[in-house]
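Quick caveat, the model's predicted, so the values are computed rather than measured. Note on naming: letters A, B, ... go to the chains in the order of the sequence lines (proteins, then strands), and numbering restarts at 1 for each one.
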There are 2 protein chains.
Amino acid sequence: MRYTTKTEYGLVCLLYMAKKMPDYVVTIKEIVQTENFSESYIEKIFQTLRGANIVTSHKGKNGGYALTRQPSEITLKVVIEALEGHTFDVYCEPETREGIVCNHFCMCGVRPIWTRTKQMLDQLYDSITLATLAGSESEVRQKVLVA
Amino acid sequence: MRYTTKTEYGLVCLLYMAKKMPDYVVTIKEIVQTENFSESYIEKIFQTLRGANIVTSHKGKNGGYALTRQPSEITLKVVIEALEGHTFDVYCEPETREGIVCNHFCMCGVRPIWTRTKQMLDQLYDSITLATLAGSESEVRQKVLVA
DNA sequence: GCAATTCAGACCAACTTAGTCTGCTTTGAA
DNA sequence: TTCAAAGCAGACTAAGTTGGTCTGAATTGC
């Protein structure tokens with residue numbers, strides 16, 4: 001179980017932006033060159049981020065993307081939900097899949113595990129912002145390099 | 001992000017066994033009739049569980065499957081890892097994907113999130129056993145029905 | 001007006017999932 | 001000794017998802 005590359009790439013891009021000055025306008029080209037991603041794919045990811053109001057865009061020459069708010073006000077939860085749909089799919093939750101009769105899961109002893117899992121992940125991702133990540137990066141980088 | 005049906009079905013089956021007497025031998029047919037699963041698919045799942053030494057099997061007439069140890073000694077982590085491969089795929093972890101050079105992830109600011117995620121899930125699933133689930137089921141069932 | 005940029009959406013190959021299917025082997029009991 | 005009931009092994013497959021690509025707009029600043 002893992003998140004898709006959309007989330008992975010999206011977070012890398014947002015983190016890149018967070019580390020720049022506030023209101024910094026970044027272009028797809030710039031970010032693709034720095035991070036060595038596929039241009040078309042990143043474009044699509046930014047469309048999703050724009051739809052979720054995490055970034056704004058400006059068309060035309062000197063256009064590009066900027067964060068809609070401070071890095072400290074953009075939580076991981078919001079980003080993951082925008083790119084992935086949800087932090088964790090409880091799957092058998094009746095309210096999330098209307099029309100589907102759940103034969104096994106809804107009332108069974110297994111479901112509470114998934115509810116609890118989602119609860120934990122939501123809480124974790126709600127407590128981490130882009131600023132958290134940007135701030136701890138150098139320190140984290142060192143740790144990893146030493147280990 | 002969610003676990004596959006292998007894990008879902010596998011847990012339902014194991015929970016079914018846990019609620020029976022210790023050393024109870026269950027057949028695929030019995031469990032399939034009770035839970036309304038596909039026979040062939042459940043067979044495959046039990047092969048995996050046997051490979052992970054979570055159940056033992058006995059061939060031939062009056063054969064079937066039994067838990068290898070007490071429900072209280074079978075953690076969710078062990079079951080999920082057997083059926084899913086891992087509780088959470090940190091993805092860019094160099095040691096898990098030898099030969100693959102990670103361009104973006106390994107040293108970047110995003111990776112610690114996934115490390116932390118895996119840590120939390122591992123800890124959660126290590127603290128829950130089949131006995132926990134079997135024990136809390138009736139109570140959980142009530143809660144759900146009331147809500 | 002032109003070059004740089006985003007925007008929209010159709011398209012697609014490869015992979016994964018959730019199974020099915022066929023037939024074999026082992027075993028207990030009649 | 002036979003036979004039916006079980007597990008065992010593995011090839012196969014349809015449908016869905018992932019991780020993109022590609023074409024061609026529309027918009028904007030210089």
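In terms of polar N and O atoms assigned as donor or acceptor, the side chain of A:K44 never comes within less than 3.5 Å of the base of D:dG19 in a complementary pairing.
Distance A:L83 CG to D:dT17 P: 18 Å, rounded to the nearest Å. Counting to the nearest Å, the P atom of C:dC7 and the CD1 atom of A:I42 are 15 Å from each other. Put simply, CG on B:D89 is 16 Å from C1' on C:dT17, counting in whole angstrom units. Rounded to whole Å, atom P of D:dA25 lies 14 Å from atom NZ of A:K59. Taking atom CG of A:L49 as the reference point, atom P of C:dC7 lies 11 Å away to the nearest angstrom. One can place CE of B:M1 at 16 Å from C1' of D:dT18, the figure rounded to the nearest angstrom. Going from atom CG of B:N62 over to atom P of C:dT26 covers 18 Å, rounded to whole Å. Straight-line distance from the CG atom of B:N36 to the C1' atom of C:dG19: 15 Å, rounded to whole Å.
Picking from C:dA8, C:dT25, C:dT6 the nucleotide with the shortest atom distance to the side chain of A:R50 gives C:dA8. Side-chain proximity of B:Y41 to the nucleotides D:dG29, C:dA18, C:dT27 is greatest for C:dA18. Among the nucleotides D:dT28, C:dG28, D:dA6, the one closest to any side-chain atom of B:T27 is D:dA6. Comparing C:dG19, D:dC8, C:dC7 against the side chain of A:E43 picks out C:dC7 as the nearest.
With a 6.0 Å radius and a threshold of 12 heavy atoms from other residues, nucleotides or ligands, A:Q123 has its CD atom at or below the threshold.
The nearest heavy atom of DNA chain C to B:E84 and to B:S38 marks one nucleotide each, and the one closer to the 5' end goes with B:E84. Looking at which nucleotide of DNA chain D each of A:K61 and B:Q47 is closest to, the 5′-most match is held by B:Q47. Both A:T4 and B:G63 lie near DNA chain D, and the one whose nearest nucleotide falls closer to the 5' end is B:G63.
For the OP1/OP2 pair of C:dA4 and a distance below 4.0 Å, the side-chain nitrogens and oxygens of A:H58 include no atom meeting the criterion. Neither OP1 nor OP2 of C:dA18 sits under 4.0 Å from any side-chain N or O of B:Y9. Dashed line: the shortest gap from a side-chain N or O of A:S57 to OP1 or OP2 of C:dC7 is under 4.0 Å.
Across all strands shown, A:Y65 has heavy atoms under 4.0 Å from sugar-phosphate atoms exclusively, and none from any base. Contacts of A:S40 with the nucleic acid, taken as non-hydrogen atoms under 4.0 Å apart, include base atoms.
Residues A:I42 and A:C13 have side chains in contact (heavy-atom distance under 4.5 Å, counting atoms from C-beta outward). Contact annotation: the side chain of B:W114 approaches that of A:E8 to within less than 4.5 Å [non-hydrogen atoms, C-beta and beyond].
Taking the six-membered ring where tryptophan is involved, the planes of B:Y125 and B:Y3 are perpendicular, since the angle between them exceeds 60° and thus also 30°. In this pair, A:Y9 and A:Y41 present their aromatic rings perpendicular. The plane angle is above 60°, beyond the 30 to 60° band.
With no hydrogens or angles considered, no side-chain donor-acceptor pair links B:E81 and B:T87 at under 3.5 Å.
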